[in-house]
Amino acid sequence: MAVKGIKSNDRHIMNLANIVGDARSIVYHKEDLIAYDCDGFTLHKHLPKAVVFPKNTEEVAALVKYCSDHQLPFLARGAGTGLSGGAIPLNGEVIISLVRMKKLLSVDFENRRAVVQPGFVNLKLTNSIADKGYYYAPDPSSQYCCTIGGNVAENAGGAHCLKYGVTTNHILGLEVVLPNGEIVEIGANGIPDEPGYDLLGLLTGSEGTLGIVTKITVRILKNPEAKKTVLAYFDKVDDGSQAVSDIISAGIVPAALEMMDKTAIEGVEAAAFPVGHPKDIEAVLLIEVDGIAEGLDEQINQILEVCKKRNVREVRAAKDEAERGRWWANRKTGFGAMGAISPDYLVQDGVIPRSRLPEVLSRINKISEESGLRIANIFHAGDGNLHPLVLFDARIPGESEKALEAGSACLQACADVGGTITGEHGVGIEKREEMRFVFTDDEIIAQTNIREVFNPHNLLNAGKLFPMPGRCVEIKRDLKEKETVISQ
Ligand SMILES: Cc1cc2nc3c(=O)[nH]c(=O)nc-3n(C[C@H](O)[C@H](O)[C@H](O)COP(=O)(O)OP(=O)(O)OC[C@H]3O[C@@H](n4cnc5c(N)ncnc54)[C@H](O)[C@@H]3O)c2cc1C
């Protein structure tokens with residue numbers, strides 16, 4: 001039976017429309033599909049075959065089963081804020097958008113957990129339970145719009161993950177539609193140390209390549225009794241980054257320890273939430289401690305002592321919650337703020353041991369000089385999670401390529417000091433080749449073997465996370481498979 005308002009010569013479009021049941025739940029005209037040709041990583045664009053908007057798990061399962069039975073590539077999409085291209089339909093996928101599955105299903109304050117649908121927006125969870133004195137800890141800077149389903153897929157981090165841990169530390173259970181359409185429950189809803197393999201850990205951060213998450217049980221936390229927030233300004237980047245390392249090695253774990261360099265400060269001060277950072281400063285640390293009110297002053301004093309030893313020029317303490325909020329808005333809108341000083345920017349996401357911050361930041365500076373492109377740094381310093389933002393102008397021929405090269409060189413610099421190529425934004429399309437900076441061919445093959453157990457026909461989000469097929473990994477893998485057949 002045809003769905004009212006849907007006219008297409010493509011039988012798959014008609015059949016997908018039938019599953020979601022109404023014309024407003026499917027997009028298939030080219031002019032509408034353009035809105036879905038990329039996510040927050042805008043350097044690759046591909047049109048999907050269609051975008052469907054299921055309303056419940058059963059519809060997701062039926063869509064997945066249809067795609068699987070008809071060999072149609074497909075992928076999940078949340079808010080599309082991913083920065084590594086995970087939701088880009090490289091192979092003309094059917095996009096299964098989870099944005100209509102956006103309910104808070106239940107909250108259990110006694111056991112400190114909540115159950116949400118995947119399209120539920122991160123910040124809405126904290127806003128929904130704040131009046132009872134609770135919050136959801138993982139706070140990506142995109143939290144006002146990104147979905148918890150997308151957070152699970154990317155194992156999202158955020159400013160307060162230094163003390164409280166990233167998404168994987170807050171996920172207690174998942175309902176997942178496997179790539180054949182089967183619905184499974186993973187995790188024992190918070191019972192510690194469930195027997196068997198840690199499938200929750202495997203699914204969290206699998207970048208939408210193992211299944212589509214349709215329900216999430218998360219841990220919620222009681223609000224800390226008090227918070228104290230300071231800004232510490234440094235005349236030298238090296239002093240600021242040494243202070244970060246010294247604070248942590250002094251045994252202090254702030255709730256958040258963020259850093260911005262001079263170029264980043266120029267951007268945030270030119271954008272929507274300026275706070276009056278000094279114009280001539282080379283680095284600012286945004287430091288927050290929280291917990292029982294008693295003792296917070298002492299922690300702040302200890303931090304200030306460390307900063308003094310590293311020649312801090314000035315320290316400001318937030319006068320009240322309104323000022324603290326403005327400082328956080330200034331920091332959390334930092335990526336977008338680069339639009340105020342550059343037509344385009346590329347965000348990178350490497351991780352390094354904190355003690356190597358000064359060395360890696362100076363290498364990034366060199367990469368900037370060599371490429372002729374400005375690079376701003378705005379990042380979760382306490383975690384050693386760098387975000388070099390390469391500023392460029394895509395209208396100038398060759399500049400996009402230069403930006404990609406500079407971004408890759410920054411990741412190489414992270415890998416060279418024993419760090420890695422992503423802390424929270426995922427590999428997606430963007431960093432597939434850079435996986436070779438940190439994994440051998442055999443290690444990559446071992447991971448694609450795991451993908452195959454869940455996603456044997458590689459119809460779900462193919463071409464993401466691992467180096468391009470046809471390169472040495474896949475060749476080596478084919479050889480291995482042949483060897484196995486011969487030896488059986
Ligand atoms: C301004 C800005 C600031 C950011 N700051 C941070 C930050 O501080 N920390 C951080 O970690 N990230 C940050 N990000 C990146 C991004 O917001 C996160 O990766 C977020 O988790 C993506 O969520 P989403 O709903 O937009 O997912 P999408 O972009 O729609 O999808 C991301 C990936 O998840 C998969 N996926 C989505 N939903 C599901 C599902 N239900 N089941 C299975 N797979 C799914 C997709 O296939 C894709 O591979 C930022 C992005 C922007 C634009």
Side-chain angles (χ1 to χ4, degrees), residues 36 38-42 48 51 54 57 60 64 73-90 93-102 116-123 138-162 166-168 171 174-179 186 203-216 256 258 271 328 331-339 345-347 349 351 378-380 383 385 387 389 422-430 454-455 460-465:
Y36 298 90
C38 71
D39 54 13
F41 179 61
T42 55
V51 185
T57 302
V60 175
V64 168
F74 61 101
L75 61 80
R77 179 175 169 116
T81 66
L83 292 168
S84 55
I88 296 179
L90 265 185
E93 273 85 354
V94 172
I95 292 184
I96 300 179
S97 167
L98 282 312
V99 291
R100 294 224 179 128
M101 292 173 64
K102 56 176 180 185
V116 298
Q117 287 188 312
F120 196 68
V121 167
N122 174 302
L123 186 59
D139 62 338
S141 300
S142 50
Q143 68 183 143
Y144 53 89
C145 61
C146 67
T147 67
I148 295 185
N151 295 167
V152 171
E154 298 291 1
N155 191 16
H160 292 82
C161 294
L162 170 61
V166 293
T167 299
T168 192
I171 301 302
L174 294 176
E175 178 188 80
V176 180
V177 174
L178 295 177
I186 296 176
L203 263 288
T204 309
S206 59
E207 301 195 22
T209 62
L210 302 183
I212 298 186
V213 174
T214 46
K215 195 159 68 178
I216 306 148
E258 301 284 298
W328 275 113
R331 160 60 187 91
K332 288 201 171 188
T333 54
F335 291 178
M338 295 306 120
Y345 65 91
L346 174 75
V347 186
D349 171 39
V351 184
I378 174 164
F379 57 102
H380 310 311
D383 296 307
N385 184 187
H387 291 316
L389 293 132
T422 172
E424 52 182 24
H425 298 168
V427 175
I429 302 177
E430 186 203 18
F454 286 80
N455 185 8
L460 174 59
N461 218 0
K464 310 289 168 64
L465 196 52

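Whatever order the structure lists them in is the order used to number ligands and atoms, beginning at 1.
- The residue L75 has no part lying near ligand 1, judged by heavy-atom distances below 4.0 Å.
- Taking distance alone, with nitrogen or oxygen atoms compared against 3.5 Å, V213 approaches ligand 1 more closely than that limit.
- Of the protein's non-hydrogen atoms, E154 OE2, 3.2 Å is the one closest to atom 33 (C) of ligand 1.
- At a heavy-atom distance under 4.0 Å, only side-chain atoms of N461, from C-beta outward, approach ligand 1.
- Residue contact check: H380 has heavy atoms under 4.0 Å from atoms 8 (O) of ligand 1.
- Ligand 1 has at least one atom lying under 4.0 Å from a heavy atom of A87.
- Of all the atoms in ligand 1, the ones that sit under 4.0 Å from a non-hydrogen atom of P118 are 41 (N).
- Under a 4.0 Å criterion applied to the non-hydrogen atoms of G211, ligand 1 contributes the atoms 43 (C).
- For the atom pair M338 CE and L389 CG, the distance stands at 5.5 Å (nearest 0.5 Å).
- Ligand-side atoms of ligand 1 in range of E207: 49 (O), range being under 4.0 angstrom from any heavy atom.
- Applying the 4.0 Å criterion to heavy atoms of L98 picks out, from ligand 1, the atoms 41 (N).
- Checking side-chain atoms of N155 against main-chain N and O of T168 turns up a donor-acceptor pair under 3.5 Å.
- Considering only heavy atoms from C-beta on, M101 comes within 4.5 Å of T57 through its side chain.
- Residue contacts with ligand 1: T81 is placed with a nitrogen or oxygen under 3.5 Å of a nitrogen or oxygen of the ligand (distance criterion only).
- Taking a cut-off of under 4.0 Å to the non-hydrogen atoms of H425, the atoms of ligand 1 that pass are 6 (C), 10 (C), 12 (N), 13 (C).
- When only non-hydrogen protein atoms are considered, atom 46 (C) of ligand 1 lies nearest to A76 O, 3.1 Å.
- Looking at atom 3 (C) of ligand 1, its nearest protein heavy atom turns out to be F335 CD1, 3.6 Å.
- Between G80 and ligand 1, a contact under 3.5 Å exists for at least one N or O pair.
- No side-chain donor-acceptor contact under 3.5 Å links N461 to the backbone of L75.
- Of all atoms in ligand 1, numbered sequentially from 1 with element shown, those under 4.0 Å from a heavy atom of G86 are 47 (O), 48 (C), 49 (O).
- Summary of contacts: the protein heavy atom closest to atom 20 (C) of ligand 1 is N151 ND2, 3.6 Å.
- When only non-hydrogen protein atoms are considered, atom 8 (O) of ligand 1 lies nearest to S141 N, 2.9 Å.
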Original post:
Checking salt bridge (charged side-chain N to carboxylate O under 4.0 Å, His left out) for the pair E207/K464: CA distance, chi angles, key distance, verdict?
Top reply: CA-CA 8 Å; E207 301 195 22; K464 310 289 168 64; over 6 Å; no
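- Protein heavy atom nearest atom 27 (O) of ligand 1, with residue, atom name and distance: G150 CA, 3.6 Å.
- Scanning all protein heavy atoms for the shortest distance to atom 36 (N) of ligand 1 gives A153 CB, 3.6 Å.
- Distance alone, capped at 3.5 Å, is enough to place a donor-acceptor pair between the N455 side chain and the L460 backbone.
- At least one N or O atom of A79 sits closer than 3.5 Å to an N or O atom of ligand 1.
- Of all protein heavy atoms, the one lying nearest to atom 25 (O) of ligand 1 is T147 OG1, 2.7 Å.
- Side chain of T422 to main chain of V427: no donor-acceptor pair is present (N/O by atom type, distance under 3.5 Å, no hydrogens or angles).
- By the 4.0 Å N-to-carboxylate-O rule, D39 lies too far from R77 to be salt-bridged with it.
- Put simply, CZ on F335 and OG on S142 are 8.5 Å apart, with the number rounded to the nearest 0.5 Å.
- Side chain of T147 to backbone of G150: a donor-acceptor contact under 3.5 angstrom is found.
- For G336, the heavy-atom gap to ligand 1 stays at 4.0 angstrom or more.
- The shortest N or O to N or O distance between D139 and ligand 1 is not below 3.5 Å.
- Side-chain N or O atoms of E430 include none that pairs as donor or acceptor with a backbone N or O of S84 at under 3.5 Å.
- Backbone and side-chain nitrogen or oxygen atoms of S142 are examined, and one is located within less than 3.5 angstrom of a nitrogen or oxygen of ligand 1.
- Atoms of ligand 1 found under 4.0 Å from any heavy atom of A156, numbered from 1 in the order shown, are 11 (O), 21 (O).
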Original post:
Can you list the steps and then say if E258 with H380 is a side-chain hydrogen bond (donor to acceptor under 3.5 Å, both in side chains)?
Top reply: CA-CA 5 Å; E258 301 284 298; H380 310 311; 2.9 Å; yes
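- Under the 3.5 Å distance criterion, the side-chain polar atoms of D349 are left unmatched by any main-chain donor or acceptor of H387.
- Side-chain N or O atoms of N122 include none that pairs as donor or acceptor with a backbone N or O of D139 at under 3.5 Å.
- Listed for the T204 side chain is no donor-acceptor partner under 3.5 Å among the backbone atoms of V152.
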